[in-house]
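In what follows, a single structure is set out as structure tokens and then discussed.
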Amino acid sequence: MSRIGKKPVAIPSGVEAKIEGKTLSVKGPKGTLTLGLSDLIDYKVEGDEIQVNPANDTKTARSYWGMQRTLVSNLVEGVTDGFSKTLEISGVGYRAQAQGKKLKLQLGFSHDVDIDVPEGIEVKCPDQTTVIISGIDKQAVGQLAAEIRRWRKPEPYKGKGIKYQGEYVFRKEGKKK
């Protein structure tokens with residue numbers, strides 16, 4: 001029995017949820033998101049909450065249950081509050097600059113790294129060492145953050161690279177004399 005799946009997803013005021021065929025669409029103040037529905041799960045919009053239950057008692061249906069409830073919850077949270085990830089850049093000469101729908105990174109390569117920002121995602125650089133990625137789709141925000149971080153992962157010797165805010169990099173000791 002899924003502990004997460006048992007809880008209904010609350011729909012706050014100002015948010016509409018409706019099921020049409022095999023899609024669930026959630027419309028809120030920040031935009032509209034849709035989710036393709038699984039045949040293994042029953043979805044019901046009742047009043048101000050969405051119920052997610054397994055359609056049958058198979059192991060596959062029960063294993064999808066909690067994940068599908070979390071995906072529905074992410075839709076509701078995305079259209080009301082949105083999601084954001086903050087990346088910190090550390091290293092001599094490493095910097096970032098947002099230019100419209102592009103993010104320009106200088107990471108010690110012989111060339112600048114230009115990253116195209118997908119539709120629906122907003123990238124801000126309050127200073128040269130901080131990148132804030134925000135949007136209503138949790139998966140798209142996390143994917144862009146991971147792609148940016150992939151260019152220079154934090155290394156354990158000097159701590160240089162791109163890391164998530166709050167991420168701790170275990171530093172290795174140098175040689176002892």
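Every heavy atom of this structure was used, including side-chain atoms; hydrogens, water molecules and symmetry mates were not. Nothing fancy with the numbering, it's 1 onward along the sequence.
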Q: Is it possible for you to say whether Ile162 and Val169 belong to one hydrophobic cluster, with membership spreading through side-chain heavy-atom contacts below 4.5 Å?
A: no
Q) Do Leu144 and Val123 have side-chain heavy atoms sitting under 4.5 Å apart? A) yes
Q. Among pairs that include at least one residue of residues 107-133, which meet ring pair (Phe, Tyr, Trp, His ring centres under 6.0 Å), considering only residues two or more places apart or in two chains?
A. Phe109-His111
Q) Going by an N to O cut-off under 4.0 Å, is there a salt bridge joining Asp116 and Lys101? A) no
Q.
Quick test of your reading: applying side-chain hydrogen bond (donor to acceptor under 3.5 Å, both in side chains), list the pairs with at least one residue in residues 117-137, sequence neighbours left out, ordered by first then second residue.
A. Asp127-Thr129, Asp127-Thr130
Q.
Check this for me: Tyr43, atom OH, are more than 12 non-hydrogen atoms of other residues, nucleotides or ligands nearer than 6.0 Å?
A. yes
Q: Kindly give the heavy-atom pair with the smallest separation between Ala145 and Ile133, and that separation in Å.
A: CA-CD1, 3.6 Å
Q) Which heavy atom in Gly47 sits nearest to a heavy atom in Ile11, and how many Å separate them? A) O-CD1, 4.4 Å
Q | Shortest non-hydrogen separation from Trp151 to Val113 and the atoms involved | A | CE2-CG1, 3.5 Å
Q. For Lys138, does the NZ atom have more than 12 heavy-atom neighbours from other residues, nucleotides or ligands under 6.0 Å away?
A. no
Q) Heavy-atom count around Ile4 CD1 within 6.0 Å, excluding the residue itself: above 12? A) no
Q) Would you say Ile89 and Val117 are hydrophobically clustered, going by side-chain heavy atoms of ILVMFWY under 4.5 Å? A) yes
Q: Please answer: with hydrophobic residues joined when any side-chain heavy atoms are less than 4.5 Å apart, are Leu107 and Tyr164 in the same cluster?
A: yes
(Q) Does Lys102, at its NZ atom, have more than 12 non-hydrogen atoms belonging to other residues, nucleotides or ligands within less than 6.0 Å? (A) yes
Q: Work out which heavy atom in Pro12 is nearest to a heavy atom in Thr80; give both atom names and the distance.
A: CG-CG2, 3.6 Å
Q: Say whether Val79 and Val9 are linked into one hydrophobic cluster, either directly or through other cluster members, by side-chain heavy-atom distances under 4.5 angstrom.
A: yes
May I have the list of side-chain donor-acceptor pairs in residues 23-31 shorter than 3.5 Å, sequence neighbours left out?
from: Thr23; atom 1: OG1; to: Glu20; atom 2: O; distance (Å): 3.1

**Q.** Shared hydrophobic cluster, Ile136 / Ile132 (ILVMFWY, side-chain heavy atoms < 4.5 Å)
**A.** no
**Q.** Which atom of Leu40 lies closest to which atom of Ala61, heavy atoms considered
**A.** O-CB, 3.7 Å
Q) Got Gln68 and Leu71 here, is their nearest side-chain heavy-atom distance under 4.5 Å? A) yes
